[in-house]
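As structure tokens, the structure follows; a few thoughts come after it.
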Amino acid sequence: MIVMKFGGTSVADLGAIERLIAIVRAARQAAIQPESPDWRGPVVVVSALGGATDRLLGLAAEAGAGDVEGARENVRALRGRHLEVAAIIGHATERKEVEQFIRDEFDDLDRVVGALGVLREVTPRWLDAIAAKGEILSSRIVAAALTSHGLAASWVDARRAMVTTGDHTSAAPLWKETAAALSANVDPLLAARRIPVVGGFVGATRDGVTTTLGRGGSDYSAAIIGACLGAGEIQIWTDVDGMLTADPRMVENVRLVPHLSFAEASELAYFGAKVLHPATILPAVTKNIPVRILNSSRPQDAVGTLITRERPAGRGPLTAVASKTGVTVVDISSTRMLMAHGFLRRIFEEFERYRTSVDVVTTSEVSVSVTIDDGRRVPEIMAALADVADVTREDHMAIICAVGDGLQTDPAFVTRLLEAVEGVPIRMVSQAAARRNITLVIAERDLAPALARIHQRFFTTEGAS
Ligand code: ADP
Ligand code: ASP
Ligand code: MG
């Protein structure tokens, strides 16, 4: 059985959903072939209609700021868009039912918007309740669309399939409870030869309070569901051909990476390759389930990227480069304390206390530099460390992460990488002992030219792929 996850652009409009139906039909036909090892499935996981989550979060913010009229305008626009897409459901009774469901959900949202306008405060719990509507609606529409096109599908409310902690806006799955919920609510559908359709990104606590797994979390939902149900493959259908050698929005002439190891994919996702949510690979690794990234607008031609435990053979040292912006560098220096026992622990305790995770760390004799993604609590961390060190921060920084299992056996790579970006001021460099990646921290304004030069050198000039 396979799990197929369709991202926002893959369910954005009528045309996209038509393509989705054709892709699912082909997978269903493959599952029921006599030679197929398993006639169940697929399980379909969908994101909200492209752009819907941004709009839902945007209107929540508007309502919280007192702009109830602006928020209501967005509610109306989203309602219209969902009703338009529901036209894909050919069967009239089923379509009417789904249209009623859409109206009810938006009526509810309208009431919430009114209440938030009075309260003038949007708590993370409200944000989750509002954002979750995107996937709840899209999954309901897609389930009915598949059924009306002759594929027996059943809608599964994600709040009854994914059990999470109560950490609103970034909840973590509760594995035992989720496995139990899936065997109660999804296994019987598979056994009855139906195609379960679940909204990604969304879950609920043990008490049934709606949560979300964090932005981009539908990939993670698909992987969690795949691991719990023992899927043979987790497919991520998106708007690009697979994992590319660099972010196509930043670099020209990027190429497809046909095969990646789990470890490489995790590093790339963590350091900014948005095509995969960073946590997606974890459940796949635990159960050794291959992950495949595929292009939903070119299902026939696309070979996609296959991600497996094995390290792909016969490749250059560098597999791909990931990058992210909006990084903050914090420098902590103390001539007095650095060599003292427990100094590093003291520093990291403060980051932990203020729930700020650190990505890249470099140390010198008198200073420690760290990068963080979320700088909101830096003022508190700086104040807490002020009695033991001088602490400064620098915003608008970027990380470039060069990733490849082959870097382990190419000791000269780091030199060539630094040569490629010669002239670009480098703030930090880090190469881990496992040497699967080399990370550079530079100013945001230098990112595009630095990436272009690295890409040119390793994927065009030297021809590595
Ligand atoms: P979905 O809505 O299908 O989940 P996302 O927008 O989350 O899609 O992820 C796909 C996007 O990720 C691509 O359109 C591309 O712009 C971006 N991206 C960034 N880095 C990479 C990379 N190395 N390879 C492929 N895509 C990347
Ligand atoms: N719809 C959610 C988001 O935009 C989750 C996802 O698409 O993965 O973040
Ligand atoms: Mg995504």
Side-chain angles (χ1 to χ4, degrees), residues 4-12 16 19-20 23 45-58 78 127-128 130-139 158 162 169-171 198-203 211-225 234-258 260 264-280 291 293-298 302 304-305 307 318-325 399-404 447 451 454-455 459 465:
M4 311 175 87
K5 176 259 170 176
F6 292 87
T9 44
S10 309
V11 289
R19 286 192 293 278
L20 175 152
I23 293 167
V45 176
V46 293
S47 287
L49 307 192
T53 311
D54 285 339
R55 201 146 187 181
L56 286 164
L57 292 172
L78 272 176
L127 283 178
D128 274 354
I130 294 171
K133 290 200 183 285
E135 270 72 6
I136 290 168
L137 287 159
S138 65
S139 54
M162 178 71 60
T169 74
S170 58
V198 196
F201 176 58
V202 174
T211 55
T212 68
L213 301 176
R215 294 308 305 269
S218 293
D219 300 338
Y220 192 24
S221 298
I224 296 164
I225 292 170
I234 298 159
Q235 296 182 349
I236 306 291
W237 289 86
T238 184
D239 61 350
V240 283
D241 285 349
M243 182 65 78
L244 305 167
T245 46
D247 186 337
R249 296 164 299 182
M250 302 284 297
V251 180
E252 283 176 7
N253 303 320
V254 290
R255 298 192 195 164
L256 176 70
V257 182
L260 279 173
E264 288 175 319
S266 295
E267 300 279 1
L268 288 166
Y270 189 75
F271 284 104
K274 187 184 171 228
V275 68
L276 265 192
H277 181 277
T280 312
V291 175
I293 308 174
L294 293 148
N295 191 336
S296 67
S297 59
R298 303 200 304 126
T305 296
I307 308 171
L318 184 63
T319 303
V321 242
S323 55
K324 61 179 168 186
T325 52
I399 290 180
I400 294 182
C401 185
V403 176
L447 180 61
L451 273 177
I454 293 171
H455 198 268
F459 295 105
S465 66

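All residue numbers in this chain count up from 1 along the given sequence. Whatever order the structure lists ligands and atoms in, that order sets their numbers, starting from 1. Predicted model, so just to flag it, every value in this text is computed and none were measured.
Rounding to the nearest 0.5 Å places CD1 of Ile307 at 4.0 Å from CD1 of Ile293.
Using a distance-only test at 3.5 Å, with no hydrogens or angles considered, no donor-acceptor pair links the side chain of Glu135 to the main chain of Ser47. Within the 3.5 Å criterion, the main-chain N or O of Leu49 finds no donor-acceptor partner in the side chain of Ser138.
For the pair Lys324 and Tyr270, the cation sits on the ring face: its NZ or CZ lies under 6.0 Å from the ring centre, inside 45° of the axis.
Pro248 is linked by a side-chain contact (heavy atoms from CB on, under 4.5 Å) to Val240, Leu244, Val254, counting only residues two or more places apart in sequence or in another chain. Judged as a side chain to side chain donor-acceptor pair (under 3.5 Å), and not counting sequence neighbours, the contacts of Glu267 are Asn437.
A salt bridge between Asp241 and Arg298 is present, with a side-chain N of the basic residue lying under 4.0 Å from a carboxylate O of the acidic one.
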Problem set entry | Candidate pair Phe6 and Ile23, rule side chain to side chain contact (heavy atoms under 4.5 Å, CB included), full reasoning | CA-CA 10 Å; Phe6 292 87; Ile23 293 167; 3.9 Å; yes
Between ligand 2 and the protein, find all N/O pairs closer than 3.5 Å and give the distance for each.
unit_1	atom_1	unit_2	atom_2	d
ligand 2	1 (N)	Thr53	OG1	2.7
ligand 2	1 (N)	Glu135	OE2	2.6
ligand 2	4 (O)	Thr53	OG1	3.4
ligand 2	4 (O)	Arg215	NH2	3.0
ligand 2	7 (O)	Ser47	OG	2.9
ligand 2	8 (O)	Gly216	O	3.3
ligand 2	8 (O)	Gly217	N	3.4
ligand 2	8 (O)	Ser218	N	3.0
ligand 2	8 (O)	Ser218	OG	3.2
ligand 2	9 (O)	Arg215	NE	2.7
ligand 2	9 (O)	Arg215	NH2	3.4
ligand 2	9 (O)	Gly216	N	2.8

Could you go through ligand 1 and list every pair where one of its N or O atoms sits under 3.5 Å from a protein N or O, giving the atom names and the distance to one decimal?
unit_1	atom_1	unit_2	atom_2	d
ligand 1	2 (O)	Gly8	N	3.1
ligand 1	3 (O)	Thr238	OG1	2.7
ligand 1	4 (O)	Lys5	NZ	3.0
ligand 1	6 (O)	Lys274	NZ	2.8
ligand 1	8 (O)	Thr238	OG1	3.2
ligand 1	12 (O)	Val275	N	3.4
ligand 1	14 (O)	Asp239	OD1	2.9
ligand 1	14 (O)	Asp239	OD2	3.2
ligand 1	16 (O)	Arg249	NE	3.2
ligand 1	23 (N)	Leu244	O	3.1
ligand 1	24 (N)	Leu244	N	2.9

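Under the 3.5 Å distance criterion, with hydrogens and angles disregarded, no donor-acceptor pair is assigned to the side chains of Thr211 and Asp128.
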